[in-house]
Number of protein chains: 2
Amino acid sequence: MRIGELAEATGTTTKTLRFYEASGLLPPAARTSVGYRDYGEDAVGRLDFIRRGRAAGLTLAQIRDILTVRDTGHAPCGHVRQLLAQRLDAIDAQVADLHALRATVAQLHGVATNAKPDTCPPEQVCRYL
Amino acid sequence: MRIGELAEATGTTTKTLRFYEASGLLPPAARTSVGYRDYGEDAVGRLDFIRRGRAAGLTLAQIRDILTVRDTGHAPCGHVRQLLAQRLDAIDAQVADLHALRATVAQLHGVATNAKPDTCPPEQVCRYL
DNA sequence: CTTGACCTTCCCCCGTACTGGAAGGTCCAG
DNA sequence: CTGGACCTTCCAGTACGGGGGAAGGTCAAG
């Protein structure tokens, strides 16, 4: 399987695949006699793994860590759980931040809206922010 | 007011202030006879403005646009309202995304947690992700 | 007079996740 | 045998919001 086929099969690009290899997310691919990358079917699964990790909000560095742990055979179960638990905390914190931000923005928006545009000279406008 | 004092007064750094000036968020500061930046009290207000904008989730580019509009005297009222309305939409979308992400992560976390670490051989672990 | 804290410009660097493009080699159809 | 589609490496750039640190000038205290 050449890099273009793998890219097609996994919904990504050849650029991204080479980038992943350079970043240590994919092992160095086998090469054909002329130097083309030659992937096995397992590469699709690994890329799906990466895609799911990304969808779960993990960074490439975190995914790489998990893959490294798996590849080297060290017990990753707790590691994965811990990572996911941290993600849950981070998401909750982010949602809380966004709630506060939304309240602030909504208030500013309300003030700006109620200010009646016609009576809003330029030099006063930015008090609304 | 020197740059260090202004940084202290506004809770930022001299690096950031010079960066803001270079980015067009602050007008070129007046200089003392030896070339030190010399700020008036209005700089504090402008930086508070920037800080509030940042807290409301605006990018520096958006803040710069608003400031430019204000500085040049063109009617910004609708502009500010529109920007804030867009922010509200963006925040709502982001919260929705985070809800979906949280559900995904929580599910993975539950699976990984119920998997009993001891019975979790390395080659199976990453199915949890 | 020296020491230390401040100031200046300058350029490069951080992390994140890629993307663009140049220069060159390979493969297959017509 | 030629053209186009594919592959290779490498360099550089995107956007964001700054941070690090060098080399040098300035100022106030002791």
Engineer: So which atom in R18(A) and which in I3(A) form the shortest heavy-atom distance, rounded to 0.1 Å?
Structural biologist: CG-CD1, 3.6 Å

Engineer: Residues two or more places apart in sequence or in another chain: which of them pass side-chain hydrogen bond (donor to acceptor under 3.5 Å, both in side chains) with R46(B)?
Structural biologist: D71(B)

Engineer: More 5' along DNA chain D: A61(B) or Y36(B), using each one's nearest nucleotide?
Structural biologist: A61(B)

Engineer: Taking side chain as C-beta onward, heavy atoms only, is Y20(B) less than 4.5 Å from L47(B)?
Structural biologist: yes

Engineer: Which residues in residues 3-21 of chain A have a heavy atom closer than 4.0 Å to any atom of DNA chain C?
Structural biologist: T13(A), K15(A), T16(A), F19(A), Y20(A)

Engineer: For residues 8-16 of chain B, tabulate all N or O donor-acceptor pairs below 3.5 Å that involve a side-chain atom, not counting sequence neighbours.
Structural biologist:
| unit_1 | atom_1 | unit_2 | atom_2 | d |
| --- | --- | --- | --- | --- |
| T10(B) | OG1 | L6(B) | O | 2.8 |
| T13(B) | OG1 | T16(B) | N | 3.0 |
| T13(B) | OG1 | T16(B) | OG1 | 2.9 |

Engineer: Rounding to an integer number of Å, can you tell me how far R2(B) CZ sits from dT26(D) P?
Structural biologist: 14 Å

Engineer: What is the distance, to the nearest angstrom, from the CG atom on L25(B) to the P atom on dC16(D)?
Structural biologist: 12 Å

Engineer: Is T59(B) touching bases, backbone alone, or none of the nucleic acid, heavy atoms closer than 4.0 Å?
Structural biologist: sugar-phosphate

Engineer: Distance check: side-chain N/O of R37(A) vs OP1/OP2 of dT9(D), anything under 4.0 Å?
Structural biologist: yes

Engineer: Give the angle between the helix axes at the two ends of the helix from dC1(C)-dG30(D) to dG30(C)-dC1(D), taking five base pairs at each end and rounding to 10°.
Structural biologist: 20°

Engineer: For a 4.0 angstrom threshold against heavy atoms of chain A, report the outermost contacting nucleotides of DNA chain C in 5' to 3' order.
Structural biologist: dA17(C) to dC27(C)

Engineer: Tell me which donor-acceptor pairs under 3.5 Å the side chains of residues 21-34 of chain B have, and how far apart each pair is, sequence neighbours excluded?
Structural biologist:
| unit_1 | atom_1 | unit_2 | atom_2 | d |
| --- | --- | --- | --- | --- |
| E21(B) | OE1 | R37(B) | NE | 2.9 |
| S23(B) | OG | F19(B) | O | 2.7 |
| R31(B) | NH1 | G35(B) | O | 2.9 |
| T32(B) | OG1 | V34(B) | N | 3.4 |
| T32(B) | OG1 | Y36(B) | N | 3.1 |

Engineer: Applying side-chain contact (heavy atoms from CB on, under 4.5 Å) to D38(A) and R2(A), what does each step give before you reach the verdict?
Structural biologist: CA-CA 5 Å; D38(A) 189 16; R2(A) 284 180 312 182; 5.9 Å; no

Engineer: Which pair of non-hydrogen atoms, one from T59(A) and one from Q62(A), has the smallest distance, and what is that distance?
Structural biologist: N-OE1, 2.9 Å

Engineer: Once you round it to whole Å, what is the distance between P of dG18(D) and CZ of R64(B)?
Structural biologist: 13 Å

